Amino acid sequence: MKSIDMLEKTFSPQDIEARLYAGWEESGAFAADPTRAAAPFTIMIPPPNVTGSLHMGHALTFTLQDTLIRWQRMRGRDALWQPGTDHAGIATQMVVERLLAGEGTERRALGRETFLDRVWQWKAESGGTITRQLRRLGASLDWPRERFTMDDGLSRAVREVFVTLHRQGLIYRDRRLVNWDPKFQSAISDLEVESREIKGSLWHIRYPLADDPTRFLVVATTRPETRLGDTAVAVHPEDARYTDLIGRSVVLPLVGRAIPIVADSYSDPEKGTGAVKITPAHDFNDFEVGRRHDLPMPSVLDREGRVTLAEIATDSAFVHSLQGVDRFEARRRIVAELETLGLLERIEPHTHQVPHGDRSGVPIEPLLTVQWYCNAGELAKAAIASVEDGRTKFVPQQWENTFFAWMRDIQPWCISRQLWWGHRIPAWYGPDGEVFVAHDANEAEQAAEKHYGKQVALTRDEDVLDTWFSSALWPFSTLGWPQQTPELARYYPGDVLVTGFDIIFFWVARMMMMGLHFMGEVPFRHVYIHGLVRDERGQKMSKSKGNVMDPLELIDRFGADALRFAICALTGPGRDIKLGPSRVESYRSFVTKLWNAARFCEMNGIAPDPDFDPARATLPLTRRILAEASAAVAQANAALEAYRFDEYAAACYRFTWNTFCDWFLELAKPALQEAEVKRTAAHVLGLLLRLLHPVMPFVTEELWDHLGYGAPCSLIRAPWPATFEVPGADAARAELDWVVRLVGEVRTVRAEMNVPPSLRAPVLLKDAAPESIARGGRWLEAIGRLARASDFAPLAGEVPAGSAQAVLDEATIVLPLAGLIDLVAERARLEKERAKAQKEAEQVARKLDNADFVARAAPEVVEETRERLESARAEVARLEAALARIG
RNA sequence: GGGCGCGUAGCUCAGCGGGAGAGCACCACCUUGACACGGUGGGGGUCACAGGUUCAAUCCCUGUCGCGCCCA
């Protein structure tokens with residue numbers, strides 16, 4: 001019965017991954033349980049955009065999170081990995097708008113309600129892509145708890161937060177310059193603006209003095225099209241060239257308006273001509289200058305980036321011809337007109353930073369509008385303090401600097417967006433513009449009635465909130481807040497937030513501000529910041545470069561375990577990871593190695609024995625592998641506790657391949673019939689599967705189930721291995737190390753002397769201490785097999801002529817190979833060895849000759865150095881003797 | 001311009017005050033009782049450069065150069 005059920009010769013991930021995942025999910029293995037006595041362990045997923053599909057960045061972050069969650073779950077913690085998706089305002093609205101465009105319509109034609117119905121319909125049909133793909137990766141999220149930032153509960157949390165912050169004066173309306181995205185026709189926050197270097201021009205324009213039209217003030221600008229809205233020219237107060245002009249006026253060319261020359265230190269005498277036009281409604285710096293000098297602030301561009309003359313007066317036919325013209329066309333026409341009029345002194349090529357919308361890619365336009373703002377400066381105080389006093393720690397810690405730098409200079413957060421898809425701002429306006437912020441229309445109407453003394457018709461604010469406003473609430477809104485649920489009490493604050501540095505400001509900082517304000521406690525204890533996934537040459541992945549890797553394709557080719565292991569192995573602290581298919585392929589070899597080791601154990605009839613007690617092991621072989629296994633567990637714990645995924649992976653890799661396969665199984669082969677060896681092998685393999693499960697869940701679960709360690713799909717819940725004491729571990733290690741070194745020395749000599757492996761030759765020990773002889777005697781079979789020895793014995797008489805030799809501690813290994821080896825080559829080999837030992841001896845001797853070293857270095861260091869010198873000298877002596885014997 | 005990080009074997013990266021490491025790649029040999037997605041052995045590095053601190057520096061400090069990222 002068992003024989004037809006043996007493990008397949010090769011591991012086929014595609015056959016088992018879906019089955020195992022379904023098995024875990026259906027059995028509730030991912031479920032947190034607030035009623036359990038165990039301590040909770042919480043990770044909040046950074047909610048991927050509902051429009052998203054799994055990319056390598058997701059594969060990285062979710063592999064790390066799943067590894068941590070599975071590890072803590074096995075450790076007995078009540079693990080909650082909270083799943084969900086983000087409504088992603090602009091991204092989702094764009095997706096649906098594109099669909100509509102394909103149907104020959106657009107959102108305004110549909111109207112707001114119909115459009116939103118359409119978005120929800122899209123979400124129902126296509127919004128589950130990313131969550132399906134997360135399952136392919138093996139992510140053990142608690143799916144029944146899945147949330148969406150626009151679901152009813154989270155929307156309620158958003159309204160509650162908005163209303164509360166408004167009442168506290170921390171949310172307010174203000175008319176000021178915002179970053180206006182002309183493509184989306186919406187305000188965006190400072191964070192959504194990225195500056196791009198643009199090769200443009202600096203136009204030097206003559207502004208005639210009002211009281212002396214023969215004199216000009218030359219003004220340099222990169223944006224001639226906004227000059228219709230100039231309301232001053234600024235010069236530096238200490239700029240001697242212009243002192244006499246301060247307080248006088250210039251006539252704004254084309255427009256004909258007289259505007260003052262003001263002194264303001266914003267003007268940089270080194271830049272351009274030192275005289276700068278001031279357009280308060282279209283430039284952030286100019287806005288400040290305008291405020292300082294109480295200047296008018298006419299807007300001359302509209303929400304689509306076209307010229308509007310509504311706020312300026314002019315008789316110029318040319319200027320009137322610009323009405324409704326796009327900003328870049330207006331620039332061309334104005335420059336041409338100035339040139340015609342002889343007012344353009346020169347054009348200087350000029351490279352400068354131009355703000356662009358990060359999603360739209362178009363230059364943003366500072367625009368004077370009324371928007372909703374959040375007083376981030378006030379909320380930031382508690383968040384800064386929580387990092388200063390260590391309630392939240394960043395890993396790697398250097399990211400705290402980045403966090404502090406931004407938080408200490410944080411600007412008001414513009415939270416309103418002129419979009420339709422999102423949380424509509426819970427504010428209503430009376431006929432006179434009075435604002436009523438309330439949880440719902442009913443409450444707003446009551447407030448209005450109280451205010452006006454009668455019922456009035458209210459209109460609701462058209463705008464929605466910045467998507468990040470709702471994600472800022474994620475750590476508590478997903479747990480039921482504002483209701484006081486058992487989940488909220490138990491799983492807040494979370495243990496660790498795992499994410500990339502690119503959203504420290506967008507998301508991490510804002511969660512901390514909101515969490516501290518509304519929950520009175522940090523949302524998470526640790527913030528683990530990982531790098532970016534790049535291609536194997538270190539290039540950022542991008543569609544235009546064509547170097548984008550698809551994690552699903554890698555999973556199809558190599559299996560989820562190989563991809564996950566590659567990610568962990570390459571994730572060092574504070575580094576980007578360079579990943580290519582060849583890396584994943586090479587870690588697939590590791591998966592295969594594990595599979596084959598398990599097959600070998602199965603073929604030898606190893607069987608799990610729950611009563612096995614490592615403390616009762618008697619053999620050096622079993623004691624050593626058990627001690628190594630315990631050490632591997634300790635290493636894995638230390639690595640994972642420090643978020644050193646690379647070290648965790650390396651410890652697993654080393655222990656599995658090097659320690660377990662290369663030495664333990666090889667040495668155990670003939671002994672696998674012995675009960676203790678067999679039981680130990682079974683025990684250690686079981687430990688290994690548990691140790692590897694967090695990073696390689698599929699293959700380990702399959703082996704665990706198949707080999708009978710537990711019921712189907714039970715490894716995910718198996719207890720994480722504990723470290724344990726092994727009696728006589730040191731002696732066992734010493735003995736096995738000696739065997740390993742003996743075999744290694746013999747192999748090296750044979751390989752270098754080109755002795756064919758098929759030829760077995762005696763291994764003799766000269767000058768060996770009795771305990772070495774005894775050790776060898778206990779390992780005759782292994783030495784024979786692994787060192788290709790036909791015999792192993794102490795050397796009684798003289799070293800036979802034509803032998804190869806090698807030094808092992810006090811003894812010399814002698815391989816009588818007369819006629820089979822080239823003595824000239826053997827002499828050269830020994831001389832090289834001697835030179836190496838001699839160099840070591842000289843280096844160490846020089847150190848000990850230094851009186852300062854002996855006097856000042858730590859005594860144990862000096863002692864260790866003396867021992868090193870002694871053994872190096874002994875080795876030189878033995879190699880000398882070996883050389884002398886060759887003659 | 002300000003800040004952060006990185007320069008260690010061909011590649012990717014650990015290490016970080018006292019003997020230069022791993023994986024992959026490479027070369028040679030090997031189908032030895034799971035595994036050629038394998039086994040065994042081997043070659044390969046003035047630890048970017050220059051100063052300083054120290055008995056001792058790849059490691060700490062300062063500077064220079066090169067690369068990357070963030071902010072203005």
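So you know, we letter chains A, B, ... as the sequences are listed, proteins then strands, and number each from 1. Being a predicted model, the structure only gives us computed values, none of them experimental.
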Does [atom1] belonging to [X] count more than 12 external heavy atoms closer than 6.0 Å?
X	atom1	answer
Q397(A)	CD	no
E8(A)	CD	no
R359(A)	CZ	no

Checking all strands, does D662(A) fall into the base, sugar-phosphate, or nothing category for heavy-atom contacts under 4.0 angstrom?
sugar-phosphate
Could you tell me whether C661(A) contacts a base, only the sugar-phosphate backbone, or nothing, with contacts defined as non-hydrogen atoms closer than 4.0 Å?
base
With rounding to whole Å, what would you report as the distance between [N] and [M] at their [atom1] atoms?
N	M	atom1	value
rG15(B)	rG7(B)	C1'	15 Å
rC27(B)	rC67(B)	P	33 Å
rG44(B)	rC37(B)	P	29 Å
rA9(B)	rG23(B)	P	16 Å
rA14(B)	rG51(B)	P	28 Å
rC6(B)	rU58(B)	C1'	15 Å
rC59(B)	rA48(B)	P	8 Å
rA34(B)	rG19(B)	P	43 Å

Per-nucleotide protein contact string for nucleotides 17-23 of chain B, where B marks a base within reach and S marks sugar-phosphate only (heavy atoms under 4.0 Å, - for neither)
-BB---B
Just so I know, are the side chains of L692(A) and D561(A) near enough to count as touching, which here means a heavy-atom distance under 4.5 Å?
no
Centres of the F645(A) and Y528(A) rings: under 6.0 Å?
yes
Please report whether the ring centroid of W595(A) lies less than 6.0 Å from that of F11(A).
yes
Is a side-chain donor or acceptor of Q411(A) paired with a backbone partner of D409(A) at a separation under 3.5 angstrom?
yes
Identify which nucleotide among [options] has an atom closest to any side-chain atom of [X], counting heavy atoms from C-beta outward.
X	options	value
Q398(A)	rA34(B), rG5(B), rC29(B)	rG5(B)
E666(A)	rU12(B), rG41(B), rC35(B)	rC35(B)
N596(A)	rA34(B), rG39(B), rU40(B)	rA34(B)

Rounded to whole Å, please give me the gap between [atom1] in [X] and [atom2] in [N].
X	N	atom1	atom2	result
F590(A)	rA34(B)	CZ	P	20 Å
R534(A)	rC6(B)	CZ	P	15 Å
F664(A)	rA34(B)	CZ	C1'	14 Å
D358(A)	rC70(B)	CG	C1'	15 Å
K669(A)	rU32(B)	NZ	C1'	8 Å
R788(A)	rC30(B)	CZ	P	12 Å
L786(A)	rG38(B)	CG	P	19 Å
F600(A)	rA34(B)	CZ	P	7 Å

When you check the phosphate oxygens OP1 and OP2 of [N], does a side-chain N or O of [X] lie under 4.0 Å from one of them?
X	N	result
T748(A)	rG42(B)	yes
K832(A)	rG43(B)	yes
W406(A)	rC4(B)	no
S589(A)	rG38(B)	yes

Might you list the N or O atoms of the protein lying below 3.5 Å from N or O atoms in nucleotides 13-16 of chain B, with each pair's distance?
from    : atom 1 : to      : atom 2 : distance (Å)
rC13(B) : OP2    : K578(A) : NZ     : 2.9
rC13(B) : O3'    : R575(A) : NE     : 3.3
rA14(B) : OP1    : R575(A) : NE     : 2.6
rA14(B) : OP2    : R575(A) : NE     : 2.8
rA14(B) : OP2    : R575(A) : NH2    : 2.9
rA14(B) : O3'    : R644(A) : NH2    : 3.4
rG15(B) : OP1    : R644(A) : NH1    : 3.0

Would you call [X] and [Y] a salt bridge, taking side-chain N to carboxylate O under 4.0 Å as the test?
X	Y	answer
R878(A)	E875(A)	no
E388(A)	R408(A)	yes
E831(A)	R827(A)	yes

Which residue lies toward the 5' end of RNA chain B, R588(A) or S758(A), if each is placed at its nearest nucleotide?
S758(A)
Of P670(A) and F11(A), the one whose closest nucleotide on RNA chain B sits nearer the 5' end is P670(A)
Here RNA chain B, pairs taken as Watson-Crick or G-U under 3.5 Å and shown with ( ), [ ] when crossing and | when to another strand, reads ((((((((.[[[[.)..(..]]]].(((((.......))))).....[[[[[..)....]]]]]))))))).
Establish, yes or no, whether the cationic atom of K669(A) lies under 6.0 Å from the six-membered ring centre of F600(A) and within 45° of the ring axis.
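Relative to the ring axis of F600(A), which defines the angle, K669(A) lies inside both limits.
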By side chain to side chain contact (heavy atoms under 4.5 Å, CB included) - contacts of T61(A) (at least two apart)
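For T61(A) the side chain to side chain contact (heavy atoms under 4.5 Å, CB included) partners, ignoring immediate neighbours, are Q65(A), V498(A), H530(A).
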Please, which pairs that meet ring pair (Phe, Tyr, Trp, His ring centres under 6.0 Å) have at least one residue in residues 564-589 of chain A, sequence neighbours excluded?
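Matches after skipping sequence neighbours: F565(A)-Y587(A), F565(A)-F590(A).
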Which pairs with one or both residues in residues 567-583 of chain A pass side chain to side chain donor-acceptor pair (under 3.5 Å), sequence neighbours excluded?
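Every pair satisfying side chain to side chain donor-acceptor pair (under 3.5 Å) with a residue in residues 567-583 of chain A: R534(A)-D576(A).
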Distance-only donor-acceptor test, K593(A) side-chain atoms vs rC37(B) base atoms, 3.5 Å:
no
